[in-house]
*Asks:* 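Here it is: the structure, laid out below.
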Amino acid sequence: MKQAVNILMCLMKLDIGGAETHVAELSKELSARGYNVVVASNGGVYEKELGEAGIKHYKVPLQNKNPVNVIKSFKMLGNIIRKENITLVHSHARIPSFILGKLRKKMGFPFVTTAHWVFTTKYGLKYITDWGQKTIAVSEDIKTYLIDNYNIPEKDIFVTINGIDTKKFSKDTPSGGIKKEFGIKSSDRVIVYVSRMDKSRSAVAKQLIEITEELCGRIECLRIIIAGDGDDFENVSAMAKGVNEKLGREVISLAGARVDVNNIIAAGELFVGVSRAALEAMSCEKPVIIAGNEGYIGLFEENKLGIAKRTNFCCRGCEMSDNKKLFDDIVRFFEMNYERKKEIADFSRKLILSEYSVSRMADDALRAYGALTKIP
């Protein structure tokens, strides 16, 4: 019976990013459970991974609100829904959701959206945002945002998590290839940072680069790997190049857009970042400094669990990140004894296993689907 359930996932692109990874992992898990999942986006690095899992991908120009692309996407999505005999549509971004909301009025399919982030409601954008018949929020604070800003009834919102593949991201994840690629020695102390390198996401990457010279004065054999790509990559790259030249060696290595993020994380001793990437590092038993454009939580320890969970490990509403906070926490971590570092790593892994699994994420999605249509 499950094979007859056809689910269409729609998002803007399939490049490196939290929402994109969420969709890829959710699609693979649902497919493994016997559901027929089809994905539509403008494509990206995760196409190959989905294909290897037997998931069909349709390239649709959903990446921007260009009127030509919007009209083309409207027609293409309608054809896909008819061709694949879609049971339910699940959208993961504002532009696809707007298009699919209009299409649903014509075709009448069950429609679910996921809110991965908070969006501005200025310039009339609030009125062209469609949150579907049921909405999934990836954290409690986003649920509150949906209620306060869009008047969505609480009964129509389902809260989920960013589910992590705990086999792919574990302490046994190999890192030899990454260390060889970037010339990392066994004596090096490695910090890894992973995020989309857009201007709206790259502030902490720049802060990390700005404090690198000072960190080298406190931490011997320091190496930093920064992974991700976006509209601010050239600026980040130029900053890193300048610091490396000043130090006379390659301390900061930029990996660009990668799908082997698990291997990159495994090569580090400490991780800096937010959201899904931070959870993936925790699953690898790596201590994490939670810091991003929206705020700063700092080195994740047991006493930070409440605020981290409330903000979905994104720091929304927290004090802002700055060079001093980041420097102090990095130095504090490297000066910790082995036993305390291991305690933090063990606590992080256990948290992911108990509360942030891919299986739970799929269960949450199916609950939302089941509220609209009979899906086994």
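Excluded from the calculations below are hydrogen atoms, water molecules and symmetry mates; all remaining heavy atoms, backbone and side chain alike, are included. Sequential numbering from 1 along the given sequence is applied to the chain's residues.
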*Asks:* So, does Ser283 use its side chain to make a donor-acceptor pair with the main chain of Leu279 at under 3.5 Å?
*Replies:*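 Between the backbone of Leu279 and the side chain of Ser283 there is no qualifying donor-acceptor contact (under 3.5 Å).
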
*Asks:* Side-chain donor-acceptor pair under 3.5 Å between His90 and Thr113, yes or no?
*Replies:*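 No donor-acceptor contact under 3.5 Å links the two side chains.
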
*Asks:* Between Phe109 and Ile81, is any pair of side-chain heavy atoms under 4.5 Å apart?
*Replies:*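 Yes, their side chains come closer than 4.5 Å.
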
*Asks:* Can you confirm whether Asn36 sits close enough to Ile55 that some side-chain heavy atom of one is under 4.5 Å from a side-chain heavy atom of the other?
*Replies:*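 No; the side chains remain at least 4.5 Å from each other.
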
*Asks:* Considering residues, nucleotides and ligands other than Lys72, do more than 12 of their heavy atoms fall under 6.0 Å from its NZ?
*Replies:*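 Open.
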
*Asks:* Would you say NZ of Lys206 has more than 12 non-hydrogen atoms from neighbouring residues, nucleotides or ligands within 6.0 angstrom?
*Replies:*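 Enclosed.
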
*Asks:* Working to the nearest 0.5 Å, report the span between CD1 of Ile7 and CD1 of Ile375.
*Replies:*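 If we round to the nearest 0.5 Å, Ile7:CD1 and Ile375:CD1 are 5.0 Å apart.
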
*Asks:* Kindly determine whether Lys199 and Glu234 satisfy salt bridge (charged side-chain N to carboxylate O under 4.0 Å, His left out), including the steps that lead there.
*Replies:* CA-CA 11 Å; Lys199 292 178 181 177; Glu234 288 188 10; over 6 Å; no

*Asks:* Decide yes or no for Phe271 and Ile265: does some side-chain heavy atom of the first lie under 4.5 Å from some side-chain heavy atom of the second?
*Replies:*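 They are in side-chain contact.
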
*Asks:* Please answer whether the main-chain N or O of Thr87 pairs with a side-chain N or O of Asn6 as donor and acceptor at a distance below 3.5 Å.
*Replies:*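 Checked: no pair found.
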
*Asks:* Taking Asp231's backbone N and O only, do any of them form a donor-acceptor pair with Arg196's side chain (distance below 3.5 Å, no angle check)?
*Replies:*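 Side chain of Arg196 to backbone of Asp231: no pair is present.
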
*Asks:* Return the orientation label for the His92 and His116 ring planes: parallel under 30°, perpendicular over 60°, tilted otherwise.
*Replies:*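 Tilted.
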
*Asks:* Determine whether more than 12 heavy atoms belonging to other residues, nucleotides or ligands lie under 6.0 Å from atom CD of Glu213.
*Replies:*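 Not more than 12 within 6.0 Å, no.
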
*Asks:* Flag the pair Glu339 and Lys342 as a salt bridge only when some basic side-chain nitrogen lies within less than 4.0 angstrom of an acidic carboxylate oxygen.
*Replies:*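 Salt bridge flag = no for Lys342 with Glu339.
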
*Asks:* Centroid separation under 6.0 Å, is that true for the rings of Phe333 and Phe300?
*Replies:*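 That pair fails the under 6.0 Å test.
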
*Asks:* With a 4.5 Å cut-off on side-chain heavy atoms, are Leu353 and Leu351 touching?
*Replies:*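 No, side chains not in contact.
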
*Asks:* Identify which one of Arg310, Arg316, Lys309 satisfies the salt bridge (charged side-chain N to carboxylate O under 4.0 Å, His left out) criterion when paired with Asp141.
*Replies:*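 Running salt bridge (charged side-chain N to carboxylate O under 4.0 Å, His left out) over Arg310, Arg316, Lys309 with Asp141 returns exactly one hit, Arg316.
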
*Asks:* Could you please spell out the steps behind the side-chain hydrogen bond (donor to acceptor under 3.5 Å, both in side chains) verdict for Asn337 and Arg340?
*Replies:* CA-CA 6 Å; Asn337 60 41; Arg340 181 55 187 152; over 6 Å; no

*Asks:* Do Lys304 and Glu301 meet the salt-bridge criterion of a basic N to acidic O distance under 4.0 Å?
*Replies:*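 No.
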
*Asks:* Could you walk me through whether Asn323 and Glu210 pass the side-chain hydrogen bond (donor to acceptor under 3.5 Å, both in side chains) test, one step at a time?
*Replies:* CA-CA 7 Å; Asn323 290 12; Glu210 287 168 350; 3.1 Å; yes

*Asks:* Taking everything shown except Arg218 itself, do over 12 heavy atoms lie less than 6.0 Å from its CZ?
*Replies:*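 No, because the 6.0 Å sphere around CZ of Arg218 holds 12 heavy atoms or fewer from other groups.
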
*Asks:* Side-chain contact test, heavy atoms from C-beta onward, threshold under 4.5 Å: evaluate it for Asp130 versus Arg104 and give yes or no.
*Replies:*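 Asp130 vs Arg104: side chains apart.
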
*Asks:* Look at Asp363 together with Arg360 and state whether they make a salt bridge at an N to O cut-off of under 4.0 Å.
*Replies:*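 No, this pair does not count.
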
*Asks:* Below 4.5 Å, heavy atoms only, C-beta onward: do Glu84 and Lys56 meet side chain to side chain?
*Replies:*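 Yes; the side chains approach each other to less than 4.5 Å.
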
*Asks:* Check the pair Asp260 / Arg258 against salt bridge (charged side-chain N to carboxylate O under 4.0 Å, His left out), numbers first and verdict last.
*Replies:* CA-CA 6 Å; Asp260 56 346; Arg258 305 284 290 249; 2.9 Å; yes

*Asks:* State, to 0.1 Å, how close Thr114 and Val138 come at their nearest heavy-atom pair, and which atoms those are.
*Replies:*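 Reported closest heavy-atom pair: CG2-CG1, 3.9 Å.
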
*Asks:* Would Lys185 and Asp188 count as a salt bridge (charged side-chain N to carboxylate O under 4.0 Å, His left out) if you check the C-alpha gap in whole Å, the side-chain angles of each, and the deciding distance to 0.1 Å?
*Replies:* CA-CA 5 Å; Lys185 303 172 185 176; Asp188 287 337; over 6 Å; no

*Asks:* Check whether any side-chain heavy atom of Arg367 lies under 4.5 Å from a side-chain heavy atom of Tyr369, and answer yes or no.
*Replies:*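 Result no, sub-4.5 Å side-chain heavy-atom pair not found.
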
*Asks:* Kindly indicate whether the side chain of Val159, heavy atoms from C-beta on, has any atom under 4.5 Å from the side chain of Glu140.
*Replies:*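 Result yes, sub-4.5 Å side-chain heavy-atom pair found.
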
*Asks:* Is there a salt bridge (charged side-chain N to carboxylate O under 4.0 Å, His left out) between Glu20 and Arg276 once you walk through the steps?
*Replies:* CA-CA 10 Å; Glu20 292 82 355; Arg276 168 178 286 278; over 6 Å; no

